[in-house]
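Convention: sequence-line order gives letters A, B, ...; per-chain numbering from 1.
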2 protein chains.
Amino acid sequence: MHIIRPLLLILFFGVASTCLFAQTIQWQEIYPGVWKGLVGKPDDYDLLKAADTGPSVALNKLAKADFPLNKADITAQFDHGKTYLRLPLQANEQLFGFGLNFQTVHQRGKILHLHTDHYGKSDNGRTHAPVPFYVSSLGYGVFVNSAKYIDVYAGSNVRKDSKNPPKVMDRNTDKNWDAHPYSDAVEMLIPAEGIEIYVFAGPKPLNAIQRFNLLSGGGCLPPRWGLGFTQRVHRLYTSEQVKQEAKAFEEKGFPLDFIGLEPGWQSKSYPCTFEWDKSRFPDPAGFVKQMDAMGVKINLWTNPYVSPDAGIYKKILPYTGSHTVWNGVVPDLSMPEARKILFDQFEKEHVKIGVGGYKIDEVDGFDSYLWPDVATFPSGHTSEQIRQTYGLLVQKHSYEMFRRNNSRTYGLVRASNAGGASFPYVIYNDNYSHEDFITALINSGYAGVLWTPEVRASKTAEEWLRRFQTVCFSPMAMINAWSSGMQPWTFPEVAPQIKAIAELRMQMMPYWYSEFAKYHYEGTPPFRGMSLEEGFGNAVKKEVTSVNHQENPYEEAVTREVKDQYMAGEYLLVAPLFTGQTSRKVVLPKGKWYDFYTGKLAGDGEVITVSPGLDIIPVFVKDGGIIPMMPPMLHAPKAGQKVNLEIRHYGTSNGSYKLYDDDGTTFDYEKGNFAWREIKVERQKNGALQGSISKEETGKPNTVGTVTWRYMTK
Amino acid sequence: MHIIRPLLLILFFGVASTCLFAQTIQWQEIYPGVWKGLVGKPDDYDLLKAADTGPSVALNKLAKADFPLNKADITAQFDHGKTYLRLPLQANEQLFGFGLNFQTVHQRGKILHLHTDHYGKSDNGRTHAPVPFYVSSLGYGVFVNSAKYIDVYAGSNVRKDSKNPPKVMDRNTDKNWDAHPYSDAVEMLIPAEGIEIYVFAGPKPLNAIQRFNLLSGGGCLPPRWGLGFTQRVHRLYTSEQVKQEAKAFEEKGFPLDFIGLEPGWQSKSYPCTFEWDKSRFPDPAGFVKQMDAMGVKINLWTNPYVSPDAGIYKKILPYTGSHTVWNGVVPDLSMPEARKILFDQFEKEHVKIGVGGYKIDEVDGFDSYLWPDVATFPSGHTSEQIRQTYGLLVQKHSYEMFRRNNSRTYGLVRASNAGGASFPYVIYNDNYSHEDFITALINSGYAGVLWTPEVRASKTAEEWLRRFQTVCFSPMAMINAWSSGMQPWTFPEVAPQIKAIAELRMQMMPYWYSEFAKYHYEGTPPFRGMSLEEGFGNAVKKEVTSVNHQENPYEEAVTREVKDQYMAGEYLLVAPLFTGQTSRKVVLPKGKWYDFYTGKLAGDGEVITVSPGLDIIPVFVKDGGIIPMMPPMLHAPKAGQKVNLEIRHYGTSNGSYKLYDDDGTTFDYEKGNFAWREIKVERQKNGALQGSISKEETGKPNTVGTVTWRYMTK
């Protein structure tokens, strides 16, 4: 038995648990409004080191700001090799973030165990991107740069020494008794003997997110073709069948920018060889070239687990972990040797012949497939660290391969983490709940990642169309038909509507592309939650449920969770309908909002109900909103190709828009080869609205052809 | 970035990951067939230290046995402060145990994170009793004595250096491709710099379990009254209402041995004062005495979280954790001072006036209620260690309180762990799935704990009766009506059948009591899974699903999971029906089995289908089985009270039975004041069966009145 002398204990631990192990966090303002805190000895391997992107130059140009919290209220203690972190919470504060959640947007009160994994139908911290970053409704952000599994208590538990303790009640007799008393702190347990923590100033929550994204280089900038339409074909398709699929799109007039090949392109898969199957693809280089000539890029499915039959097997073996995944060895991608062997193979076999990107599968979970936590890796990094960073590592080093070839990529990945914002990969999974997919799209914007609510199959034409509508208002407009074999026109009764929304996706490409440029250069997520929209916090008075704010002072902050509508770019509010719905409520932030299709006023700071019919996905535009659009082309414009613009203006207020331009395919923008054009719509003295666009800069890219103006609101 | 020189890495880690940190386990045979292995520096606080029971003297009398595994195949490595443990698996081996699981009995292939918690509808290791013990179908057991959260990979993942590697296949083309390739090892990750591990010999799996239970003192021995019927009343009942409830049982002729009071007996609860509410219970001592006179003991609900309004609050405050639970402070029960203050209060206020036991609630989970893992405790034990052992601590120290008063107790608890077998507490929860409850009853027998499939409420008479039937074949026959207010006769249409099965429970008390005595003295779980029954492994040939044993050599061991029937004591096989079922399959092990009610032959090593009607819970008796029964009394016999026995014999073979006797209420049995009587039924030369019972021992307890013999099988 553990024999302890009580008196000694009081003397020792009474002090120890509150002071002795408490450590001072050393804060340093590393950019305007960005502070790095250091305490103890953090692990020498962390998320930012795995991502290895470096910060965006834009960080230096940010406005000065005060530290957004009371530094004394942020405390760290060490105990048994772990760091106990505590941050303050106000009563009127809501929290967002903590990774790619699928069912909840509001995170206050949650307990999360941040752990890279597939999403298992519960927002418990196990997710494809368990990003240890949160943003407060009060306008600041916090990021713990650790590649460990972190326990987060986001205002869920009450300390004995709380400065704002909840009222003690008797459950037997007091009807206001609450199973979850008010807590005034976020607490985290990080299994490391020190941590590196970042605090980001606002003043608005969106500003804190921008700073977080810029810290890892800003958001990604896809090639223009990445924002077009993509189809994934059956896993055993041959090169001929893939060509036929692309031809069918062209003949039927459906847009298509890239096609994804599933495991059958490889000679063996699960585990993988990364080598072409010559029976199905006898001439890979010729095939990719022919597809390119049709305006269609090739994306390749793979996972990183190396088959004993792979040419690189023997070479990579010393740089792999102790355990196998589907009998494939697991490259320790935190080691330069391992990634060189793997991605040299990718580069030689795929990228050099023109492959445009990858779908990197199964780098997230499930536990029963992936390496276990008892696995060891030759780098000496723990299984946990490799698990938390594997998504970053595959993105980083495949991305670098494309960068070396000065050819942009845009692909799919199943895992990411903090630090990965600048990697041009979109997360997906197998959950296939349309509702959850929209909530994930919202949460991606708080987490520095991208998410696609992909379309796979549908039981009905209605579901097919409803899913298709949202995927066209997402980072990647994709049908993933590797199993279903479905095509946009599979349901003839909605094929015209499918074509119309796919064309709309293409028409909006100047808008999408510019919004991604803002993600890259300014850190603003192109798809994001309503809480980041000004005027949203006070908008929903009509919907507030009955609460007793005296008894539950923080109830105010935890009501009004909206998880089925989102912002798409600067001006658009998207409120999708799900199968079975014929109408829905839409929460419009303060300020006037207009119908995207008609330009008519929809409402102002209120909850409206819309019944748009099956053909329409409700989209609303902020007063003064400007949307640049191009003709409905079947493929994205090629480098330098000029396109005519129809620039739409909504509402009655003046508006402005920054239109981005570059070659759309290379990394030359990193050398300054890009341009911003200023679009303005202003009311003239005669009362009419008048649009203008700034002149093109000499020596800079310009793809704008003729411009026509359309004032949508009459 | 983490800069590593590849060549150095190979030299260093190539060795390091396989040899450098590998440690030799020091094995010591501490009892016949029980080995303790030590490696590294285990934590100074563990499960056995928390339980602090000491081993049973029976361990020394066990048969000698060889170490059941190849010692060289059990390996431990250290890395980053954690211990990586590996044990071998054979292809034809199945695993059982790893705590109180609710949906699965077979554990091979599972990944579990052993963590005390409520059961959250998934067998993932989070459960009320996350016992780090498993038993193999090959007849040995393994126990890791750690109070940490342990990651278990029970033959789920494949090492690169596996001696029996699975075949590599191509998923594209090979139909036998398996998402879960064959694994030849159990692996565990224990977050400690060393471990204490125990290996138990068989030769049968049941023997390994016996050894495990005996290591912590053997199973509990409840008072006789604990095996009678119990009702829990509405949380705000007054002492008068409780008396009326007991009277109603008596008047209607329903057995009743103890009544449970819910939170309203306390002046305040959630958090608790542990003091009587004088408005509802003006004279607690008088009330308990009156109830006792009616033959009904009192059980008190509580949780251990101390209200600021409790008399002991200020005194216990220095010995409580950093965080509160429902605004109550959390006693650090690993400290002698904390438990003395808490249980002195219990003893003074409850035990001294005759209270018979407790229902100790909410010592398991949920995370959002309990102290978080960032909590610290004055003992210096981590939150994790306190969480893993809190159930043991409340049991141990409440039990010791009753022991000091030489009065046995039998109660309810929501959490336990390895080491707790000898504590007279039954686990329960809120899940209320009848099917899961039966699977938990099965798994309790592999985990050294007890479980009750309690009855709370029912929508229909059928459900009420079906649930009632199983609770009468469980460690605690209880209606928990604190919320529903239901009574055994609530559904008049099945009230006679309810009474009949409650009476059967009472009639069988000599059997139940003797079976618990075997739990205590021999370590044999009274309720347990079919896999522990000889002849079961080969029984189900007719039900084997189509598998390719050449491709999946271990499929053989993972089929045939039976989780809806169980063994109750030495001779009975119970196969309950669930609501909606009118018939069910029953898997009878090899050997003849007889119907409990009729004595007729039911089958032999086969799958039978029974359609018993609503009134009957199918129960089968092994050939030669002997069941001692007493009259259907309303209360358990008092100390020294003689009861007449009807001794039943089933089948055609000779049989024997060990009948246990003691005073049924005190701890005098620990001083040797108990007796075993040998019952035999043997076939005489004339072909007739003849029963006999050994003579009573002088100076030993004897409660056997007249004996009648009933040979059930004609």
Side-chain angles (χ1 to χ4, degrees), chain A residues 1-2 4 6 9-10 13-14 17 44-45 49 52 79-81 84 111 151 153 156-160 166 168 170-172 177 179-181 187 189 235-236 263-264 268-271 307-308 318 320 322-324 326-327 329 334-337 367-369 371-374 376 378-380 382, chain B residues 1-2 4 6 9-10 13-14 17 44-45 49 52 79-81 84 111 151 153 156-160 166 168 170-172 177 179-181 187 189 235-236 263-264 268-271 307-308 318 320 322-324 326-327 329 334-337 367-369 371-374 376 378-380 382:
Chain A
M1 233 201 103
H2 197 69
I4 299 158
L9 261 177
I10 305 172
F13 288 108
S17 64
D44 63 358
Y45 180 70
K49 279 174 187 142
D52 190 26
D79 193 23
H80 291 82
Y84 294 61
I111 297 173
D151 288 312
Y153 300 85
S156 56
N157 297 70
V158 180
R159 284 182 67 94
K160 207 163 66 172
V168 183
D170 173 27
R171 190 180 183 183
N172 288 331
W177 183 89
H180 295 101
E187 297 184 275
L189 185 61
R235 65 187 178 88
L236 291 181
K268 290 188 178 174
S269 73
Y270 290 89
S307 168
T320 60
S322 59
H323 286 67
T324 60
W326 295 301
N327 296 323
V329 291
S334 69
M335 297 179 73
E337 275 294 339
D367 285 355
S368 61
Y369 299 151
W371 63 91
D373 280 359
V374 290
T376 52
S379 63
T382 61
Chain B
M1 231 200 103
H2 196 70
I4 301 159
L9 261 178
I10 305 170
F13 289 107
S17 64
D44 62 359
Y45 180 70
K49 279 174 187 143
D52 190 26
D79 193 22
H80 292 82
Y84 294 60
I111 296 173
D151 288 312
Y153 300 86
S156 56
N157 298 69
V158 180
R159 284 182 66 95
K160 208 163 66 174
V168 183
D170 173 28
R171 191 181 182 182
N172 288 332
W177 182 89
H180 295 101
E187 296 185 275
L189 187 60
R235 65 187 179 89
L236 292 180
K268 290 188 178 174
S269 75
Y270 291 88
S307 167
T320 61
S322 59
H323 287 67
T324 60
W326 295 301
N327 296 324
V329 291
S334 70
M335 297 178 73
E337 275 294 340
D367 284 356
S368 60
Y369 299 150
W371 63 90
D373 280 359
V374 289
T376 52
S379 63
T382 62

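Contacts of B:V329 with chain A are made by side-chain atoms alone, with heavy-atom separations under 4.5 Å and no backbone atom involved. When heavy atoms are compared at a cutoff of 4.5 Å, B:P308 approaches chain A solely by way of its side chain, counted from C-beta outward. Residue B:D373 touches chain A through both its backbone and its side chain, counting heavy-atom pairs closer than 4.5 Å.
If you take CZ on A:R159 and OG on B:S322, they are separated by 5.0 Å, rounding to the nearest 0.5 Å. Rounding to the nearest 0.5 Å gives a distance of 8.5 Å between CG of B:D367 and CG of A:D151.
With hydrogens and angles ignored, the 3.5 Å screen pairs no side-chain donor or acceptor of A:T324 with any backbone N or O of B:K160. Within the 3.5 Å criterion, the main-chain N or O of B:K268 finds no donor-acceptor partner in the side chain of A:N172.
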side-chain contact (heavy atoms from CB on, under 4.5 Å) evaluation trace for B:H323 with A:E187: CA-CA 11 Å; B:H323 287 67; A:E187 297 184 275; 2.6 Å; yes
B:T376 and A:D79: CA distance, side-chain angles, deciding distance, side-chain contact (heavy atoms from CB on, under 4.5 Å) verdict: CA-CA 9 Å; B:T376 52; A:D79 193 23; 4.2 Å; yes
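A:W371 pairs by the side chain to side chain donor-acceptor pair (under 3.5 Å) definition with A:S383, not counting sequence neighbours. When the ring-ring contact (aromatic ring centres under 6.0 Å, His included) test is applied to A:Y84, no partner is found at least two apart in sequence or on another chain.
Between A:H180 and B:S368 there is a side-chain heavy-atom pair separated by less than 4.5 Å. Under the 4.5 Å side-chain criterion, counting only non-hydrogen atoms from C-beta, A:I111 is not in contact with B:P372.
Per-residue heavy-atom pair counts under 4.5 Å with chain A were compared for B:S269, B:P263, B:G264, and the maximum is reached by B:S269. When each of A:G81, A:A179, A:S156 is checked for heavy-atom pairs under 4.5 Å with chain B, A:A179 comes out on top. Between chain A and the options B:T320, B:V158, B:T382, heavy-atom pairs under 4.5 Å are most frequent for B:V158.
Between B:H80 and A:G380, the shortest heavy-atom contact is CE1-O, 2.9 Å.
Between A:Y270 and B:W177, the two ring planes are perpendicular [angle over 60°; tilted spans 30° to 60°].
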